[in-house]
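Note sheet for the following structure.
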Number of protein chains: 2
Amino acid sequence: MSRIAYVNGRYVSQARAAIHVEDRGFQFADGVYEVCALRDGHLIDEAQHMARLARSLAELKIRAPMSGTALAHVMREVVRRNRVANGLVYIQVSRGVARRDHGFPAASVEPTLVVTARTLDLTKYDELATKGISVILVPETRWARCDIKSTGLLANVLAKQQAREAGAFEAWFIDGEGFITEGASTNAWIVDKNNVLRTRSLSDAILPGVTRGEILSLCRQHEVVFDHSPFTADEALCAKEAFISAATMGVLAVKKIDNVKIGDGTPGPISAKLREIYWATRIT
Amino acid sequence: MSRIAYVNGRYVSQARAAIHVEDRGFQFADGVYEVCALRDGHLIDEAQHMARLARSLAELKIRAPMSGTALAHVMREVVRRNRVANGLVYIQVSRGVARRDHGFPAASVEPTLVVTARTLDLTKYDELATKGISVILVPETRWARCDIKSTGLLANVLAKQQAREAGAFEAWFIDGEGFITEGASTNAWIVDKNNVLRTRSLSDAILPGVTRGEILSLCRQHEVVFDHSPFTADEALCAKEAFISAATMGVLAVKKIDNVKIGDGTPGPISAKLREIYWATRIT
């Protein structure tokens with residue numbers, strides 16, 4: 001079956017799905033995106049992803065390409081046409097096509113909307129969750145507005161590639177003050193020596209992860225003690241547990257950071273519990 | 001006459017010139033570009049632009065899409081087909097099309113190459129040069145590798161738009177230590193109170209501007225005293241002269257920074273001289 005993508009009003013063969021060379025998403029990274037997980041045909045945390053998309057667009061003063069209702073329909077139609085039950089939906093919006101010029105184009109320029117979907121092998125993530133993943137630490141090199149889910153991801157690309165080349169799954173950025181911000185495509189968490197779950201508070205320095213927010217809600221419900229204080233690289237290396245969170249992966253325990261074993265080098269109980277209750281509470 | 005663009009091996013109508021929705025340039029800003037000025041049919045500072053393109057690609061480990069000789073041919077062919085005498089050639093290279101994944105795709109993935117050309121109204125820049133332009137100062141928000149001419153330009157877009165909304169032509173970034181780095185799409189210069197021409201030395205914090213480099217060569221030849229020391233926002237506001245440089249514009253004097261008159265509010269003699277000799281020495 002050939003895949004189908006939605007591009008600016010049309011459902012087209014994904015092999016031929018194209019945008020103009022003067023799309024501002026291509027020339028300026030002037031756009032935003034969302035990735036929504038699909039489990040058993042359900043869009044996971046959809047409302048939260050749509051709220052974040054609206055926020056990203058508003059921060060950049062990019063017009064929403066269509067109403068929320070229409071976008072919800074398009075997402076479902078792309079999922080249906082691609083027969084995806086478990087996987088992801090990818091939504092990208094750019095400021096549209098205009099003669100190249102850094103400043104915003106005329107307000108009449110239509111934003112570009114691309115929606116794709118694909119199947120993911122969930123057993124791969126389950127295996128990773130059982131074994132734990134490795135993380136490397138890299139200097140923070142990104143721009144000052146990491147709270148906007150923009151397609152300006154080159155620093156993330158380079159960090160992720162550096163992780164791969166080091167045999168690791170993810171790279172965590174360390175800011176100028178020695179604190180971890182987040183991963184190249186995931187949020188970062190530790191259980192510190194006092195058994196307190198810690199993840200950095202929201203600011204311009206990190207993406208407000210939807211899965212991160214949901215995990216914090218679950219912590220409140222399940223009386224997991226947590227703290228929004230940032231943690232240093234040293235605290236991460238000495239943590240009892242560590243994990244990453246992201247929409248498609250849920251929670252994945254970290255077994256090693258910069259080749260240092262975290263805990264006993266296997267997924268810890270809090271990571272495992274949060275992974276379990278996160279997925280268990282997604283489809284209700 | 002309809003414009004023609006070169007995209008991955010074909011000359012196509014620019015109206016239909018397209019790249020795939022999974023081009024890494026669109027999804028990750030995983031690509032670089034160059035803008036080369038054209039005057040009277042001549043490509044200006046072509047060798048320097050091609051050297052910088054090669055450097056940007058090497059820094060990102062993106063394969064060159066073709067040999068330098070072949071690219072030089074394509075650039076000329078795009079210029080010829082679009083009948084541009086005065087204007088610019090735009091070259092963009094991305095890491096190519098691959099299923100979305102932050103890490104680099106297989107080495108077999110072909111980079112994407114887009115080349116376009118367009119006519120510019122040079123009288124507009126001459127008028128701006130006579131009047132002088134206005135600049136605003138904004139906090140540096142870009143990533144840590146501004147020396148790479150990547151398409152990750154969202155911070156530049158936002159700064160340029162902020163300048164426009166303030167009635168200014170350009171925005172200069174101020175780094176965390178109070179020093180000007182450069183403009184949103186130009187390099188930044190002042191003539192300080194001691195009549196020394198100053199522009200920031202090369203580092204990860206600024207683009208190694210081709211026009212910047214050529215101006216420094218001309219300063220050596222014409223005994224204009226210059227210094228590579230960075231300057232602060234306060235030094236800029238108290239400067240005797242200020243100007244910006246860029247490939248398509250050459251040198252443009254700054255008459256106001258944050259609404260403060262620079263010198264007497266008209267282009268100063270060093271700015272005017274450098275503008276004149278820069279263009280005079282381009283076509284020889």
Between [options], which residue shows the highest count of heavy-atom pairs closer than 4.5 Å to chain B?
options                      : answer
A:E165, A:Q161, A:E22        : A:Q161
A:T112, A:L158, A:I148       : A:L158
A:V114, A:I19, A:V35, A:L153 : A:I19

At a heavy-atom separation under 4.5 Å, does [X] approach chain B through its side chain, its backbone, both, or neither?
X      : result
A:A184 : backbone
A:Q92  : side chain
A:D30  : both
A:V157 : both
A:V7   : side chain
A:A159 : neither
A:F28  : both

Item to check | Proximal to chain B - members of residues 138-147 of chain A, heavy-atom separation under 4.5 Å | outcome: A:T141, A:R142, A:W143, A:A144

Checklist entry - Which of residues 97-109 of chain A have a heavy atom under 4.5 Å from any heavy atom of chain B? => result A:R99, A:R100, A:D101, A:H102, A:G103, A:F104

Checklist outcome for this item: dist B:R24:CZ -> A:L154:CG (nearest 0.5 Å) comes out at 9.0 Å

Checklist entry - Are side-chain heavy atoms of B:Y90 and A:Q27 found at a separation under 4.5 Å? => result yes

Checklist entry - Do B:F26 and A:D23 have side chains that get closer than 4.5 Å, going by heavy atoms? => result yes

If you count heavy-atom pairs within less than 4.5 Å of chain A, which of [options] leads?
options                      : result
B:G25, B:S185, B:S150, B:A17 : B:A17
B:A15, B:G176, B:G31         : B:A15
B:A18, B:A163, B:S94         : B:A18

Checklist entry - Do side-chain atoms of A:H20 reach the backbone of B:Q14 as a donor and acceptor pair under 3.5 angstrom? => result yes

Next on the checklist: Show the nearest heavy-atom pair for residues A:A29 and B:G152, with the distance to one decimal.
Outcome noted: CB-CA, 4.1 Å

Item to check | Residue A:R16 excluded, over 12 heavy atoms near CZ under 6.0 Å | outcome: no

